[in-house]
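Quick notes on the structure that follows.
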Amino acid sequence: MVGATEVMPNADANGSILKSNGALEEKVDELRRLLGKAESDPLRIVAVGAGAWGSVFAAMLQDSYGHLREKVQIRIWRRAGRSVDRATAEHLFEVINSREDVLRRLIRRCAYLKYVEARLGDRTLHADEILKDGFCLNMIDTPLCPLKVVTNLQEAVWDADIVINGLPSTETREVFEEISRYWKERITEPVIISLAKGVEAELEPEPRIVTPTQMINRATGVPMENILYLGGPNIASEIYNMEYANARICGAEKWRKPLAKFLRQPHFVVWDNGDLVTHEVMGGLKNVYAIGAGMIAALTNESATSKSVYFAHCTSEMIFITHLLAEEPEKLAGPLLADTYVTLLKGRNSWYGQKLAKGELSLEMGDSIKGKGMIQGVSAVKAFYELLCQSSLSTLHPEENKPVAPVELCPILKMLYKILITRERSCQAILQALRDETMNDPRDRIEIAQTHAVYRPSLLGHQP
């Protein structure tokens, strides 16, 4: 009896593992069939860009499917040559020694000594080198699993079946234009999942927003039905630490449903939706107002009242903008507010706004920040301002009873543009704008959006 009771838990555990592996294999096999993969040809997944979210996404796939080596191969591309400074190397050494599992893994892989040498200043580490050991330069405090890292872009992507775009929106076009040169001889089209949250404004021949998936389509010629967007209210480090999260993968039904199933995990629920571009634009919009939220928090010493006043005004502007962009904007309210909420709480754009307001960062340092990566809200402020100041998009002003450009009804967006882009105002001006006695009640802005015909289908490239 004693022997039986000792064996049973192990048997149950082994049964659970076998069942789990079987379910994972089924998901891989389903995707392989859709992609027309031969029995001996593994599914090749490549993440392009090794920021926090791109690295975590690749690591989650590696954790889930990496043991099925004959059926799936996962790798990540990042540029070579980025060195790790001494202070970061010292902090990385502390992180390693605070995690027994990580320490043991590095010793077992004969990789620990280089971190000792870097800690002492006897060696320079590089970002691609530490990523192989599971350390993302933008997220040192959250060790990942070891990853297959490739620094040659052609080698990384030429035979990829699924490409994960983990690049900032500001780099997406350039990198995918290079990738297109390596795909000229391809017979089959790859599937691309973009994680980028950012937009560009295109003013000719008529004002419109250009999103990362559209940049990829233009750069590579891969049809839009093979390009998807995945986004949601997600903080990369928390997701890897298995905090419960959800996301939406948006795009053509042929790919979004099987990919949602493939990506879904117990702690990371992935839904699917057909409205790709609108969700993608909303992912960029919330970054605009997150920067202002960080400024308000710093300038008011984390005043809950001031932050709530700001939240009321920024959400009313976002609601107004969604009515310009979407025919059925109410469908976006939940996803947009959830993404905005988490970004205001803990996102890098909010952090950036705080650091600017406290004087710990300056605009002269640019919007690519050490240890954080690209602050995409800065370029998004520029894009949305330039787009919404076009007179061809005019709407009726509620008090002046005359047509005005939409940006005139978005005072926070206007002020962020003056602070971040033209730099004619200081961070304190965002607080002054909030306290402006002439600023309309946020409810008025929402009422304009709901009672006037403000929808402009051309902004997203749709035909009226």
Side-chain angles (χ1 to χ4, degrees), residues 51 138 168-174 196-204 207 209-210 281 283-303 306-307 309-311 313-314 316-318 320-321 340 343-344 347-391 393 404-439:
N138 292 346
S169 59
T170 49
E171 297 178 22
T172 293
R173 188 193 309 274
E174 178 185 353
K197 294 182 176 180
V199 297
E200 290 182 358
E202 189 175 85
L203 305 181
E204 299 292 341
I209 289 172
V210 181
V281 171
L285 180 60
K286 52 85 183 177
N287 286 334
V288 168
Y289 293 96
I291 296 177
M295 292 177 180
I296 293 294
L299 294 169
T300 64
N301 196 28
E302 298 287 348
S303 163
S306 295
K307 288 193 288 186
V309 171
Y310 176 82
F311 189 73
H313 282 287
C314 81
S316 73
E317 289 191 17
M318 286 192 288
F320 175 69
I321 293 170
T340 302
T343 305
L344 266 56
R348 75 180 72 176
N349 289 278
S350 178
W351 171 90
Y352 179 70
Q354 287 196 45
K355 294 297 182 182
L356 283 178
K358 290 177 179 178
E360 296 173 15
L361 291 175
S362 69
L363 292 171
E364 285 69 28
M365 297 169 70
D367 49 7
S368 182
I369 306 299
K370 172 188 164 185
K372 289 290 182 178
M374 183 64 67
I375 309 300
Q376 298 197 102
V378 177
S379 60
V381 166
K382 183 175 185 292
F384 277 106
Y385 179 88
E386 290 179 350
L387 195 73
L388 299 182
C389 71
Q390 300 301 306
S391 58
L393 303 174
V404 295
V407 77
E408 296 302 323
L409 298 173
C410 301
I412 292 175
L413 175 60
K414 282 183 67 176
M415 188 56 72
L416 287 169
Y417 183 82
K418 291 178 180 179
I419 294 169
L420 298 169
I421 308 303
T422 63
R423 304 185 185 182
E424 58 191 275
R425 302 296 297 271
S426 68
C427 290
Q428 284 73 19
I430 192 74
L431 200 57
Q432 296 166 16
L434 209 61
R435 293 170 175 170
D436 186 348
E437 293 181 5
T438 64
M439 183 179 276

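When all heavy atoms of Asn349 and Ala290 are compared, the pair lying nearest together is CB-CB, 3.8 Å. Of all heavy-atom pairs spanning Tyr310 and Ile296, the tightest one is CD1-CG1, 3.7 Å. Nearest approach of Cys410 to Phe320, heavy atoms of both residues: SG-CD2, 3.8 Å. In terms of heavy atoms, Leu393 sits closest to Pro406 at O-CG, 3.3 Å. The two residues His313 and Ile412 have their closest heavy-atom pair at CB-CD1, 3.4 Å. The shortest non-hydrogen separation linking Ala298 to Ala357 is CB-CB, 3.7 Å.
Scanning for side chain to side chain contact (heavy atoms under 4.5 Å, CB included) contacts around Pro168 gives Thr170, Glu171, Met374, Gln376, with sequence neighbours left out. For Gln354, the side chain to side chain donor-acceptor pair (under 3.5 Å) criterion is met by no residue, not counting sequence neighbours.
How far OH of Tyr385 is from CD of Gln390: 10.0 Å, rounded to the nearest 0.5 Å. Here Arg173 contributes atom CZ and Glu200 contributes atom CD; the two are 4.5 Å apart, rounded to the nearest 0.5 Å. Rounded to the nearest 0.5 angstrom, Arg425 CZ and Tyr417 OH are separated by 15.0 Å. To the nearest 0.5 angstrom, Met415 atom CE is 11.5 Å from Leu420 atom CG. One finds the OG1 atom of Thr340 at 10.0 Å from the OH atom of Tyr289 (value rounded to the nearest 0.5 Å). Between the CZ atom of Arg435 and the OG atom of Ser306 there is a distance of 6.0 Å, given to the nearest 0.5 Å.
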- Message: With side chain to side chain contact (heavy atoms under 4.5 Å, CB included) as the criterion, how do Leu356 and Ile419 come out once you've worked through the C-alpha distance, each side chain's angles and the decisive distance to 0.1 Å?
- Response: CA-CA 10 Å; Leu356 283 178; Ile419 294 169; 5.9 Å; no
- Task: Go through the steps for Ile369 and Trp351 under the test side chain to side chain contact (heavy atoms under 4.5 Å, CB included), then give the verdict.
- Result: CA-CA 11 Å; Ile369 306 299; Trp351 171 90; 3.7 Å; yes
- Query: What do the steps show when you test Lys286 against Lys197 for side chain to side chain contact (heavy atoms under 4.5 Å, CB included), and what is the final call?
  - Reply: CA-CA 9 Å; Lys286 52 85 183 177; Lys197 294 182 176 180; 3.8 Å; yes
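Residue pairs that meet the side chain to side chain donor-acceptor pair (under 3.5 Å) test with at least one member in residues 366-375, sequence neighbours left out, are Asp85-Lys370.
A donor-acceptor contact closer than 3.5 angstrom is absent between the side chains of Thr300 and Ser303.
By the 4.5 Å heavy-atom criterion applied to side chains, Phe384 and Val281 are counted as neighbours. Counting only heavy atoms from C-beta outward, the side chains of Val378 and Asn287 never approach each other to under 4.5 Å.
Of the residues Ile321, Val199, Ile209, the one that meets the side chain to side chain contact (heavy atoms under 4.5 Å, CB included) test with Leu285 is Ile321. Screening Cys427, Ser426, Ser350 for a side chain to side chain contact (heavy atoms under 4.5 Å, CB included) with Met295, the sole residue that qualifies is Cys427.
Contact check on Lys414 versus Glu317 returns no salt bridge, with no Lys/Arg side-chain nitrogen under 4.0 Å from an Asp/Glu carboxylate oxygen.
The neighbour count for Glu302 CD, taken as heavy atoms of other residues, nucleotides or ligands under 6.0 Å away, is above 12.
Side chain of Arg348 to main chain of Gly373: no donor-acceptor pair is present (N/O by atom type, distance under 3.5 Å, no hydrogens or angles).
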